[in-house]
Structures are given as C-alpha cells and as structure tokens.
Amino acid sequence: MNISKDTAVTIHYTITDAQGKRLDDGDVAYLHGGYDNLFAKVEEALEGKAVGATLTVDLAVEDAFGARDESLKRSIPKAEFPPGVKVGGQLRGSNDQGEPQIYHVVKIKGPEVLLDGNHPLAGMALRFTCKVNEVRAATAEEITHRHVHGGHGHHH
C-alpha cells in the first residue's frame with residue numbers, strides 16, 4: 001500500500017540542525033492527508049511512498065516550527081510557582097491573547113523564573129530524515145478524530 005489521503009503511516013525519524021547535530025529522533029504514527037500531524041513539506045514528500053522508503057527533507061524555519069516569537073517570553077516571580085520548579089520543566093499558562101500556552105522553564109535567576117513559550121526548535125532550519133515502517137488504511141474513527149490511535153499514535 002502506498003501513502004495517500006487517509007492512510008495511517010508509521011515512520012522512524014531523525015531531526016538534525018543545519019550542521020548535522022541530532023536534535024530528536026523516534027517513531028511516530030500520523031494520519032496522512034492534510035491533518036496537520038506532520039510538517040507539510042514532509043507529508044508532501046511522503047505522498048505515494050511505500051514501506052521501506054526513506055527520504056530527507058530540508059525545512060526552512062517557516063516550514064518547521066516557525067520563527068521565534070519574543071512576546072512568548074515571560075519572567076515571573078518564583079514565589080508564584082509550586083515547589084520543585086526546575087529548568088527544563090513545562091508549565092501551562094496563557095499567551096497575550098488569553099489562549100492556552102505551554103511555557104518551558106529556561107532559567108531560574110534568584111527570585112525570578114524565566115519562561116519561553118516558543119517550541120525549543122523554533123527559529124531553526126531543520127533536516128528531517130525518515131524511513132516508512134508501516135502504511136495502512138486509517139479507521140473511520142481515526143479520520144473523524146484527525147489522528148492515528150494506538151501504537152505510536154494518540155491514546156484516548
């Protein structure tokens with residue numbers, strides 16, 4: 001079976017920066033066909049591929065996690081956080097528009113905690129390399145929910 005709209009696809013991927021430094025790797029299952037479960041340029045390159053296919057896609061900043069948004073940085077008093085706040089942790093909050101936002105704890109400086117709501121790879125051009133491990137028809141429920149269930153997909 002080849003990858004096409006409404007197929008459940010499992011890939012093993014590696015993401016590197018422009019200098020070839022490995023930033024992330026793993027296995028992921030996604031619903032193919034414009035459901036925003038994978039970078040659009042990668043999904044486009046995977047169209048028509050079958051199990052065993054490999055590919056490498058260079059992603060410009062805007063094709064990856066986008067440009068950094070400096071308005072998503074916050075400095076908040078440490079006293080406002082529960083005990084145990086650590087660099088590298090995540091906190092839920094809201095952005096300037098009142099929408100839910102995940103913030104990463106990037107630094108604790110005295111009584112202040114520095115947070116960043118940008119994705120850690122925002123502002124970076126990336127190289128995405130992957131191998132197709134499985135392709136199957138998506139279930140009606142997966143199509144309705146707009147993501148793959150089970151395995152390396154979403155669990156309810």
Side-chain angles (χ1 to χ4, degrees), residues 3 7-46 54-134 138-139 141-156:
I3 297 172
T7 54
V9 181
T10 303
I11 59 173
H12 179 78
Y13 69 91
T14 301
I15 297 174
T16 60
D17 65 13
Q19 292 72 42
K21 178 183 173 193
R22 183 176 295 212
L23 303 171
D24 191 22
D25 64 32
D27 295 296
V28 68
Y30 79 97
L31 181 59
H32 188 87
Y35 296 98
D36 296 325
N37 294 312
L38 194 65
F39 299 118
K41 275 186 87 169
V42 174
E43 188 174 39
E44 182 181 312
L46 283 166
T54 60
L55 61 88
T56 298
V57 178
D58 289 323
L59 299 169
V61 170
E62 58 274 9
D63 296 322
F65 292 100
R68 291 192 51 77
D69 180 350
E70 296 307 311
S71 75
L72 292 176
K73 287 185 169 182
R74 301 275 188 272
S75 177
I76 299 182
K78 189 175 179 183
E80 291 183 18
F81 293 103
V85 116
K86 292 185 173 84
V87 172
Q90 293 181 343
L91 300 168
R92 294 184 187 273
S94 56
N95 61 23
D96 292 339
Q97 290 75 41
E99 300 162 334
Q101 180 73 46
I102 300 291
Y103 288 94
H104 303 274
V105 179
V106 294
K107 190 174 189 180
I108 299 174
K109 187 176 179 181
E112 294 290 310
V113 177
L114 304 176
L115 305 173
D116 190 342
N118 288 288
H119 186 282
L121 301 180
M124 298 176 71
L126 303 172
R127 174 166 281 173
F128 188 99
T129 303
C130 69
K131 179 179 180 183
V132 178
N133 291 331
E134 183 184 353
T139 66
E141 183 181 43
E142 289 172 327
I143 294 166
T144 299
H145 290 181
R146 303 180 59 84
H147 58 252
V148 172
H149 294 167
H152 297 286
H154 183 80
H155 300 275
H156 285 280

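Values reported hereafter were calculated over all heavy atoms of this structure, with side chains retained and with hydrogens, waters and symmetry mates removed.
Checked by atom type and distance alone, the side chain of H12 never pairs as donor or acceptor with a backbone atom of K131 at under 3.5 Å. Between the side chain of Y30 and the main chain of D36, no donor-acceptor pair closer than 3.5 Å is present. In this structure a side-chain-to-backbone donor-acceptor pair under 3.5 Å is missing from Q90 to V105. E142 places a side-chain N or O within 3.5 Å of a backbone atom of T139 that can act as its donor or acceptor partner. Side chain of N118 to backbone of D69: a donor-acceptor contact under 3.5 angstrom is found. Checking side-chain atoms of E99 against main-chain N and O of S94 turns up no donor-acceptor pair under 3.5 Å.
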Exercise for the section: Run the numbers on V87 and I108 for side chain to side chain contact (heavy atoms under 4.5 Å, CB included), then give the verdict. Expected result: CA-CA 7 Å; V87 172; I108 299 174; 4.2 Å; yes

Problem - Worked verdict on E141 versus H149 for side chain to side chain contact (heavy atoms under 4.5 Å, CB included) - result: CA-CA 9 Å; E141 183 181 43; H149 294 167; 3.4 Å; yes

Exercise for the section: Assess whether side chain to side chain contact (heavy atoms under 4.5 Å, CB included) is satisfied between L55 and C130, documenting all intermediate values. Expected result: CA-CA 6 Å; L55 61 88; C130 69; 3.9 Å; yes

Handout entry: Intermediate values then yes/no, side chain to side chain contact (heavy atoms under 4.5 Å, CB included), R92 and I102
Key = CA-CA 5 Å; R92 294 184 187 273; I102 300 291; 3.5 Å; yes

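With rounding to the nearest 0.5 angstrom, the CZ atom of F128 is 11.0 Å from the OG1 atom of T16. The distance from the CG atom of L72 to the CG atom of D96 is 7.5 Å, given to the nearest 0.5 Å. Atoms OG1 and CD1, from T129 and I15 in turn, are 9.5 Å apart once rounded to the nearest 0.5 Å. In this structure, CD in E43 is found 7.5 Å from CG in N37, a value given to the nearest 0.5 Å. Atom CG of residue N95 and atom CD of residue Q101 lie 5.5 Å apart, to the nearest 0.5 angstrom.
At a threshold of 4.5 Å between non-hydrogen side-chain atoms, the residues R22 and T14 count as touching. For the pair L115 and V106, the minimum side-chain heavy-atom distance is 4.5 Å or more.
Checking D116 against H104 by side-chain atom types alone, no donor-acceptor pair falls below 3.5 Å. Donor-acceptor pairing under 3.5 Å is lacking for the side chains of Y13 and D27. No hydrogens or angles considered: a donor-acceptor pair under 3.5 Å links the side chains of E112 and S75.
For the side chain to side chain contact (heavy atoms under 4.5 Å, CB included) criterion with K41, the lone passing option out of L46, D58, V57 is V57.
For CZ of R68, the number of neighbouring non-hydrogen atoms (other residues, nucleotides, ligands) closer than 6.0 Å is greater than 12.
For the residue pair I11 and L38, the shortest heavy atom distance occurs at CD1-CD1, 4.3 Å. Closest heavy-atom contact between I143 and A138: CG1-CB, 3.9 Å. A pairwise comparison of heavy atoms in A67 and V61 identifies N-CG1, 3.6 Å as the closest pair. In this structure, L23 and M124 approach most closely via the heavy-atom pair CD1-CE, 3.7 Å.
Among residues two or more places apart in sequence or in another chain, the ring pair (Phe, Tyr, Trp, His ring centres under 6.0 Å) test is passed with F65 by F39, H119.
For K73 and E70, the salt-bridge test passes: some basic side-chain N is under 4.0 Å from an acidic carboxylate O.
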